[in-house]
K.L.:
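Before I ask anything, let me first share the structure, which is written out below as structure tokens.
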Amino acid sequence: MTTKPTTAEDEYFAREEAEKKKRLAQKKQAELETQEKERLKELHWMRCPKCGMELHPILFKGVTIDKCFGCHGVFLDDGELEKVAGGESGFMKGLTSLFK
Ligand SMILES: [Zn+2]
């Protein structure tokens, strides 16, 4: 059986305690989110987003791109599409602006 606060002082301490528990829960939640991000990064690092096989770095037109030999997909890091396609001109400029 719980006891109800009987005085203003009891209520003050009950509110303080509730605030403290709320802050602890928020801190714990933030820690779990950080841990989950790290776990997912570890799980997916250098894995193909389509088939899950390992990605292998290969040199293509002077740029190291990530290739999947399972589904033959290619993954490009930020800025690599422009480098592989030869810079920011014409068609590529229009295309890359779609993805930014
Ligand atoms: Zn793949």
K.L.:
Which heavy-atom pair separates Pro57 from Thr64 by the least distance, and what is that distance?
P.N.:
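Heavy-atom minimum between the residues: CB-CG2, 3.6 Å.
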K.L.:
Taking the side chain as everything from C-beta on, heavy atoms only, tell me whether Phe75 gets closer than 4.5 Å to Ile65.
P.N.:
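Counting from C-beta outward, Phe75 and Ile65 never come under 4.5 Å.
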K.L.:
Nearest 0.5 Å please: distance from the NE2 atom of His44 over to the CG atom of Leu55.
P.N.:
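Result: 12.0 Å between the selected atoms.
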K.L.:
Do side-chain atoms of Arg47 reach the backbone of Met53 as a donor and acceptor pair under 3.5 angstrom?
P.N.:
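It does not hold such a pair.
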K.L.:
If the test is side chain to side chain contact (heavy atoms under 4.5 Å, CB included), which one of Lys21, Lys27, Glu19 qualifies with Arg23?
P.N.:
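Of the listed residues Lys21, Lys27, Glu19, the side chain to side chain contact (heavy atoms under 4.5 Å, CB included) partner of Arg23 is Glu19.
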K.L.:
Flag yes if more than 12 heavy atoms outside Tyr12 fall under 6.0 Å of its OH atom; otherwise flag no.
P.N.:
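Count not over threshold, so no.
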K.L.:
Is it true that atom CD of Glu9 has more than 12 heavy atoms of other residues, nucleotides or ligands lying nearer than 6.0 Å?
P.N.:
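No, CD of Glu9 has 12 or fewer neighbouring heavy atoms, counting only those of other groups under 6.0 Å.
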K.L.:
When you measure from the side chain of Lys67 to the backbone N and O of His72, does any donor-acceptor pair fall under 3.5 Å?
P.N.:
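At least one qualifying donor-acceptor pair exists.
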K.L.:
Could you check whether Arg39 pairs with Glu36 (Lys NZ or Arg NE/NH1/NH2 to Asp/Glu carboxylate O, under 4.0 Å)?
P.N.:
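Yes, this pair counts.
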K.L.:
Rounded to the nearest 0.5 Å, what separation is found between the OG1 atom of Thr34 and the CD atom of Glu38?
P.N.:
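Interatomic distance, Thr34 OG1 to Glu38 CD, rounded to 0.5 Å: 8.0 Å.
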K.L.:
Where is the tightest heavy-atom contact between Cys68 and Cys71, given as atom of each residue plus distance?
P.N.:
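Looking at all heavy atoms of both residues, the closest pair is SG-N, 3.4 Å.
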K.L.:
So, do Met46 and His56 sit near enough that their side-chain heavy atoms are less than 4.5 Å apart?
P.N.:
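Contact flag for Met46/His56 side chains = no.
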K.L.:
Would you say the side chains of Glu31 and Gln35 form a donor-acceptor pair under 3.5 Å?
P.N.:
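No, Gln35 and Glu31 have no side-chain donor paired with an acceptor closer than 3.5 Å.
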K.L.:
With a 4.5 Å cut-off on side-chain heavy-atom distances among I, L, V, M, F, W and Y, is there a chain of contacts connecting Val63 to Ile58?
P.N.:
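Shared cluster, yes.
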K.L.:
Side chains of Asp66 and Asp77, heavy atoms from C-beta outward: is any pair under 4.5 Å?
P.N.:
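Asp66 vs Asp77: side chains touch.
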